[in-house]
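Scroll down for the structure; my scribbles are underneath it.
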Amino acid sequence: MESFSSKSLALQAEKKLLSKMAGRSVAHLFIDETSSEVLDELYRVSKDYTHSRPQAQRVIKDLVKVAVKVAVLHRNGCFGPGELALATRFRQKLRQGAMTALSFGEVDFTFEAAVLAGLLTECRDVLLELVGHHLTPKSHSRIRHVFDHFSDPGLLTALYGPDFTQHLGKICDGLRKLLDEGKL
């Protein structure tokens, strides 16, 4: 006899529906105001760096889709004890990355692209391990797309360069607020 689970079916429908709606309006429903401001600033950085509005929109849309799906999985208790340990490790790495980004932004001549890129790559790998059995290969490629885009040493070097000072300041302000509020 086939195994049928309405809970599993509802979870699949919720993930599918949310992934189809992952635009700016949905981001504001599921993501707090400060996070939304940081995402908007990351969009501007990406657009200015790549000189491609569609490419910048795609990376932020992928980021929102992944964040919403992981939140849905967590909220529905889909992660086992080992996976919850991975989730904690991911959060710690993400927090470490945010603190490192802040430090590089606040202390002149300390920026090292390889350090920040390495932290983002570690975050990507932990997240992929966490969602390995829960999300589709398409979602896995979205995770790779987002982290590979933002861990690009060229983008990071540009972000910490003179042309992106205003963007970096706003991103750092948002990260500081998220860290202070315990949301990151």
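Throughout, numbering of the chain's residues begins at 1 and tracks the sequence.
For the residue pair His149/Asp62, the side-chain donor-acceptor check at 3.5 Å is not satisfied. Residues Glu83 and His133 have side chains that never bring a donor and an acceptor to within less than 3.5 angstrom of each other. Side-chain contact, Lys183 with Thr34: no donor N or O sits under 3.5 Å from an acceptor N or O.
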If you apply the rule side-chain contact (heavy atoms from CB on, under 4.5 Å), what do you find for Asp48 with His167, and how did you get there?
CA-CA 10 Å; Asp48 290 350; His167 296 303; 3.0 Å; yes

Test Asp173 against Arg176 for salt bridge (charged side-chain N to carboxylate O under 4.0 Å, His left out), laying out the working first.
CA-CA 5 Å; Asp173 290 344; Arg176 189 176 303 103; 3.1 Å; yes

Kindly determine whether His145 and Arg58 satisfy side-chain contact (heavy atoms from CB on, under 4.5 Å), including the steps that lead there.
CA-CA 9 Å; His145 178 234; Arg58 169 64 27 212; 3.6 Å; yes

Under the criterion side-chain contact (heavy atoms from CB on, under 4.5 Å), I'd like the reasoning laid out for Leu127 against Val66: C-alpha separation, chi angles, the key distance, then a yes or no.
CA-CA 10 Å; Leu127 184 58; Val66 167; 4.1 Å; yes

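Shown here for Ala101 and Cys172, the closest heavy-atom pair between the two residues is O-SG, 4.2 Å. Tyr43 and Arg53 make their closest contact through OH-CG, 3.3 Å (heavy atoms, listed as atom of the first residue, atom of the second, distance). Looking at every heavy atom in both residues, Ser46 comes nearest to Val59 through OG-CG1, 3.8 Å. Residues Val45 and Phe164 approach most closely at O-CE2, 3.8 Å, considering heavy atoms. Shown here for Phe147 and Cys123, the closest heavy-atom pair between the two residues is CE2-CB, 3.6 Å.
No donor-acceptor distance shorter than 3.5 angstrom exists from the side chain of Asn76 to the backbone of Cys78, with no hydrogens or angles considered. Not one N or O on the side chain of Ser103 forms a donor-acceptor pair closer than 3.5 Å with the backbone of Met99. His140 contributes a side-chain N or O that, together with a main-chain N or O of Leu135, makes up a donor-acceptor pair within less than 3.5 Å. With hydrogens and angles disregarded, a donor-acceptor distance shorter than 3.5 Å links the side chain of Thr121 to the backbone of Ala117. One N or O on the side chain of Ser141 and one on the backbone of Lys138 form a donor-acceptor pair closer than 3.5 Å. Here the side chain of Tyr49 pairs no donor or acceptor atom with the backbone of Leu156 at under 3.5 angstrom.
Summarising the geometry, atom CZ belonging to Phe150 is positioned 9.5 Å from atom CG belonging to Leu159; distances are rounded to the nearest 0.5 Å. Distance check: Leu119 CG to Leu94 CG gives 10.0 Å after rounding to the nearest 0.5 Å. A distance of 11.0 Å separates CD1 in Ile171 from CD in Gln166, rounded to the nearest 0.5 Å. To the nearest 0.5 angstrom, Ser151 atom OG is 11.5 Å from Glu122 atom CD. Here the CG-NZ distance, from Leu120 to Lys93, works out to 11.0 Å after rounding to the nearest 0.5 Å.
Considering only heavy atoms from C-beta on, Glu129 stays 4.5 Å or farther from Phe90 through its side chain. Residues Lys170 and Arg44 have side chains not in contact (no heavy-atom distance under 4.5 Å, counting atoms from C-beta outward).
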